[in-house]
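Quick notes on the structure that follows.
Atoms within a ligand are numbered from 1 in the order they appear, just like the ligands themselves. It should be emphasised that the depicted structure is a prediction, and the values quoted were computed from it without experimental measurement.
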Amino acid sequence: MEQILTADGRAEALRQLPALLLPWYDTNKRDLPWRINTDPYRVWISEIMLQQTRVEAAKEHYIRFLRELPTAADLAACPEEKLLKLWEGLGYYSRARNLQRAAKIVAETGFPRTAAELKKLPGIGDYTAGAIASIAFGQPAPAVDGNVIRVLSRLLGDGRSPEMLKTAFAEELAPAYPAQRRGDFTQSLMELGATVCLPSSPLCLTCPLFALCKTKSDALPARKQKPERRREDKTLLLFRAGETVALCRRNDGVLKGMYGFFAVGASLSDAQIAAFLRGAGVQNFEIGEKRRHKHVFSHIEWTMLARVIELPDEKQLAAADETAGARAIGMPADTEISPFASLKYFTKAQIEADISLPSAFRWCMELL
Ligand code: SF4
């Protein structure tokens, strides 16, 4: 790596970016559905979707979402279950709820045009505010995400932590914004990070910044040690009564407010499942098929065992008491157990059409 740049050297390097990146962007940008125009609503939805989702996975969702909810007013008025169904598969459902909260404000007052005002809306942080302000409103507002941090840390040979770089780049990049095509400049930096300056093995020989770059490799930025994921065991009981299947809304923890299957926060044997159900007051049931599955969230990993529980009818669980069931098998009082009273029955067709079932549970549908 070459010598670290002075403050003036950094500013000069950043000033050269528009002239190098914009022509490259014109010939190399990917054809993506959110690039059809720079309508603030469309930009906003795409940026929120792309926060935790790969471009390929987001494309289809984006098109469907915009078809169903083409304006902020449509999003503001959308029933929650329909909204979550449109978000199904994207995960991090709080994003969808925040979108709707913000849409109710935008539908009343219109879109704010500056990053500072945009940040006052629910779910919009520094990055998204910069992206909307520059792409939709032509403001010189940097949008510094992981891609941009990676490009600039390598370009300037700056090995500080990503957290420090984020603040520094947001300040240093603003004066480098060109007078025209500010949104394209924001997108060109993102695009370079996504397609050329890759996390490992960047394509330096094809990079428009090659001559300027101080690193020309993946040596920067410093890699963060990721904290270990917490591991949790779960037993999912898939209650089926003829044609219908029981789901409940999760009342706590990850996926709070989302539909899922009846869950016990422990790995239970068949004998323990039977004792739990009998202890809870369920007399007529049959334990059916099983499947195991692992689901990884950003900070938690669930190891799950799903068992189909066949019931003669939907009334079987009406008076069931999960606390008594837990006592019957000596389960610690703080173990997560779904309340029987929260179960609702749906046909498979209803679940497919109307219910947003997170991918942490969706795999269970193959058993039903
Ligand atoms: S030359 Fe290589 S490391 Fe430098 S910005 Fe381009 S792709 Fe990234």
Legend entry - Subset of ligand 1 atoms that lie under 4.0 Å from at least one heavy atom of Ser217: 3 (S)
Legend entry - Aromatic Tyr259 / basic Arg249 pairing, under 6.0 angstrom, 45° off normal: yes
Inset, instruction - Check if Pro208 has a non-hydrogen atom at a distance under 4.0 Å from any atom of ligand 1. - result: no
Inset, instruction - Check whether any N, O or S atom of Cys213 sits under 2.8 Å from atom 6 (Fe) of ligand 1. - result: no
Legend entry - Chi angles and distances behind the ring pair (Phe, Tyr, Trp, His ring centres under 6.0 Å) call for Trp87, Tyr92: CA-CA 9 Å; Trp87 205 261; Tyr92 299 93; over 10 Å; no
Legend entry - Ligand-residue contact atoms, ligand 1 with Arg154, heavy atoms, under 4.0 Å: 3 (S)
Inset, instruction - Please write down residue, atom name and distance for the protein heavy atom closest to atom 2 (Fe) of ligand 1. - result: Cys204 SG, 2.3 Å
Inset, instruction - Provide, to 0.1 Å, the distance between atom 6 (Fe) of ligand 1 and the closest protein heavy atom, together with that atom's residue and name. - result: Cys207 SG, 2.3 Å
Inset, instruction - Could you tell me which atoms of ligand 1, counted from 1 in the order shown, lie closer than 4.0 angstrom to a heavy atom of Lys216? - result: 3 (S)
Legend entry - Centroid separation Phe239 to Phe261 less than 6.0 Å: no
Inset, instruction - For atom 8 (Fe) of ligand 1, decide whether Cys197 has an N, O or S atom at a distance under 2.8 Å. - result: yes
Legend entry - Glu289/Arg240 under salt bridge (Lys or Arg N to Asp or Glu O under 4.0 Å): CA gap, chis, key distance, verdict: CA-CA 11 Å; Glu289 272 193 84; Arg240 177 163 63 190; 5.8 Å; no
Legend entry - Salt-bridge present (Arg362, Glu352; N to O < 4.0 Å): yes
